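A quick write-up on the structure given underneath.
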2 protein chains.
Amino acid sequence: MTLTRESILEAALRLCSPEGGGQLTFSRLGKELGADPTAVYRHFRDKDELVLALTDLVIQEGIELARQTLPDGPSDDWRAWLAVTAHSVRTSHLARPALAVLAAARTTASPAETHSVEQLISVLHRAGLPVIEAAECYRALLDMTLAMTQYTAAFSILDRQAQEQDEAAWAVKYGMLPEDEFPLLHRSAPRLTELFRDDDTVFALVLDTFLDGVAVRIGRAGEA
Amino acid sequence: MTLTRESILEAALRLCSPEGGGQLTFSRLGKELGADPTAVYRHFRDKDELVLALTDLVIQEGIELARQTLPDGPSDDWRAWLAVTAHSVRTSHLARPALAVLAAARTTASPAETHSVEQLISVLHRAGLPVIEAAECYRALLDMTLAMTQYTAAFSILDRQAQEQDEAAWAVKYGMLPEDEFPLLHRSAPRLTELFRDDDTVFALVLDTFLDGVAVRIGRAGEA
DNA sequence: ACCTGAACACCGTTCAAGT
DNA sequence: ACCTGAACACCGTTCAAGT
């Protein structure tokens with residue numbers, strides 16, 4: 001069978017999924033494709049180029065996912081718009097954690113997202129923010145979302161031993177605090193233990209607080 | 001010369017600094033110590049144990065840094081307290097980017113931070129948040145900060161070629177947008193270009209918006 | 001034109017051998 | 001008790017050889 005760019009990308013995405021086993025390497029990719037590991041070099045200059053191409057696909061998927069949830073026309077519900085965008089970006093990346101670790105900090109020149117960025121800024125602008133501030137807000141939201149996503153992905157692809165070790169460390173830290181010395185931690189330890197690596201809830205918390213902050217900024221802009 | 005745990009940790013921290021060259025490996029560590037690379041195994045079970053020990057040191061350094069800026073007694077300026085804490089954590093991690101990438105998502109059982117967490121929750125509690133909500137807020141702030149830090153560190157240790165490639169991609173994306181199709185992006189492109197990898201400003205933006213959100217939550221708690 | 005397979009420089013890690 | 005150095009299984013990458 002002869003390889004194509006598409007069949008390689010597809011196989012690579014499969015490897016990066018949680019079921020795919022956790023890591024993107026040439027030897028695993030070769031095995032998945034039934035070809036010699038180095039055959040991929042005929043289609044991608046190096047691993048970085050492969051990662052960048054995969055990143056494009058995941059970004060596109062995230063945009064697609066957002067589009068399915070968002071209304072077609074313009075919307076005045078800026079808060080829902082931002083929340084859906086953030087969750088979509090996060091969801092599409094976390095479907096391939098092994099890639100998210102490599103991709104999240106990278107920028108590609110894919111034109112796919114340009115329209116969606118323009119829309120996002122326009123939603124914030126119509127909500128009341130000056131254009132520049134709307135752009136800053138978009139940048140802050142996206143960086144925060146990608147960072148939290150990479151953070152979660154990095155932990156999720158650690159080997160089981162390291163994950164259990166961290167969980168044990170957490171239990172030690174917050175499990176047996178003397179009440180008189182740490183009264184507040186003692187009372188909130190159960191909740192903190194619940195939140196341990198419940199990344200979805202922590203992300204929702206961060207996002208919600210951030211959006212409350214955006215509301216404040218919109219309010220301030222309205223006064224002026 | 002005989003190795004000690006401390007001399008190894010010190011050398012490893014040096015390697016992880018920006019001047020240290022970018023990556024923590026056993027062979028580089030051996031060279032730095034003037035010993036065989038595998039000699040480190042006499043003092044640390046594996047690389048993970050070494051990374052965890054280094055993480056402890058960096059966390060301690062961050063707490064130390066915060067303590068120098070924060071008042072000794074209790075404070076009612078919750079906003080300054082949270083901002084100083086976040087910036088200190090970030091600064092101490094970014095002094096060793098190569099470690100930050102490995103460390104940020106990990107938890108150690110180091111007791112050093114327990115007191116500082118209790119203090120943080122207490123500041124938020126005195127500001128008006130119920131205990132549980134104060135704890136959630138601490139968790140959200142710390143995860144956001146560590147995530148943004150890891151995100152920045154991951155980019156900063158990429159090889160020069162990849163960094164320049166990303167910068168070029170950015171220029172392509174936002175450099176020549178048709179004004180009629182992307183009116184808002186066209187107007188904010190200069191600012192977005194400025195923000196590209198000006199991680200300090202972006203982090204300050206995210207943190208500030210987050211803290212505005214915390215203020216909203218404190219206000220809501222006061223009403224009830 | 002595309003794939004194969006040996007080879008190289010690098011990882012972390014193990015283990016027998018030295019002192 | 002601690003260090004050395006050969007060895008192993010893995011990386012990404014190059015290149016001559018095959019079809």
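Naming convention: chains lettered A, B, ... in sequence-line order (proteins, then strands); numbering from 1 in each chain. Note that these values count all heavy atoms, side chains included, but never hydrogens, waters or copies made by symmetry. What you are looking at is a predicted structure, and each value in this text was computed from that prediction instead of being measured.
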Separation of Q161(B) atom CD from dT13(D) atom C1', in whole Å?
13 Å
So, OP1 or OP2 of dT14(D): does either fall under 4.0 Å of a side-chain N or O from T38(A)?
no
Are any side-chain N or O atoms of Q150(A) and backbone N or O atoms of V101(A), one a donor and one an acceptor, separated by less than 3.5 Å?
yes
Between R106(B) and D48(B), does any NZ, NE, NH1 or NH2 come within less than 4.0 Å of an OD or OE carboxylate oxygen?
yes
In this structure, which one of V58(B), V89(B), T149(B) forms a side-chain contact (heavy atoms from CB on, under 4.5 Å) with L94(B)?
T149(B)
Within the structure provided, determine whether Y174(A) and L177(A) are in side-chain contact (heavy-atom separation under 4.5 Å).
yes
Rounding to a whole Å, what distance do you find between D36(A):CG and dA17(D):P?
17 Å
Atom pair distance, as rounded to whole Å: CZ in R42(A) and P in dT4(C)
10 Å
Counting only Watson-Crick pairs (N1-N3 plus N6-O4 or O6-N4) and G-U wobbles (N1-O2, O6-N3), all under 3.5 Å, who is the partner of dC2(C)?
dG18(D)
Below 3.5 Å between N/O atoms, which protein atoms pair up with nucleotides 10-12 of chain C? Just atom names and distances, please.
{"residue": "dC11(C)", "atom": "OP2", "partner": "S27(B)", "partner atom": "OG", "Å": "2.9"}
{"residue": "dG12(C)", "atom": "OP1", "partner": "K47(B)", "partner atom": "NZ", "Å": "2.9"}
{"residue": "dG12(C)", "atom": "OP2", "partner": "F26(B)", "partner atom": "N", "Å": "3.0"}

For atom CZ of F44(A) and atom C1' of dC2(C), their distance in whole Å:
15 Å
Using Watson-Crick or G-U wobble geometry with both distances below 3.5 Å, tell me the partner of dT13(C), or none.
dA7(D)
Rounded to whole Å, please give me the gap between CD in E49(B) and C1' in dT13(C).
14 Å
Take atom NZ of K31(B) and atom P of dC3(D), then tell me their distance rounded to the nearest Å.
19 Å
Set of ring pair (Phe, Tyr, Trp, His ring centres under 6.0 Å) partners for F182(B), sequence neighbours left out
H115(A)
Atom pair distance, as rounded to whole Å: CG in D48(B) and C1' in dT13(C)
14 Å
For Y41(B) and F26(B), what are the C-alpha separation, side-chain angles and deciding distance, and is it a ring pair (Phe, Tyr, Trp, His ring centres under 6.0 Å)?
CA-CA 10 Å; Y41(B) 282 93; F26(B) 278 82; 4.8 Å; yes
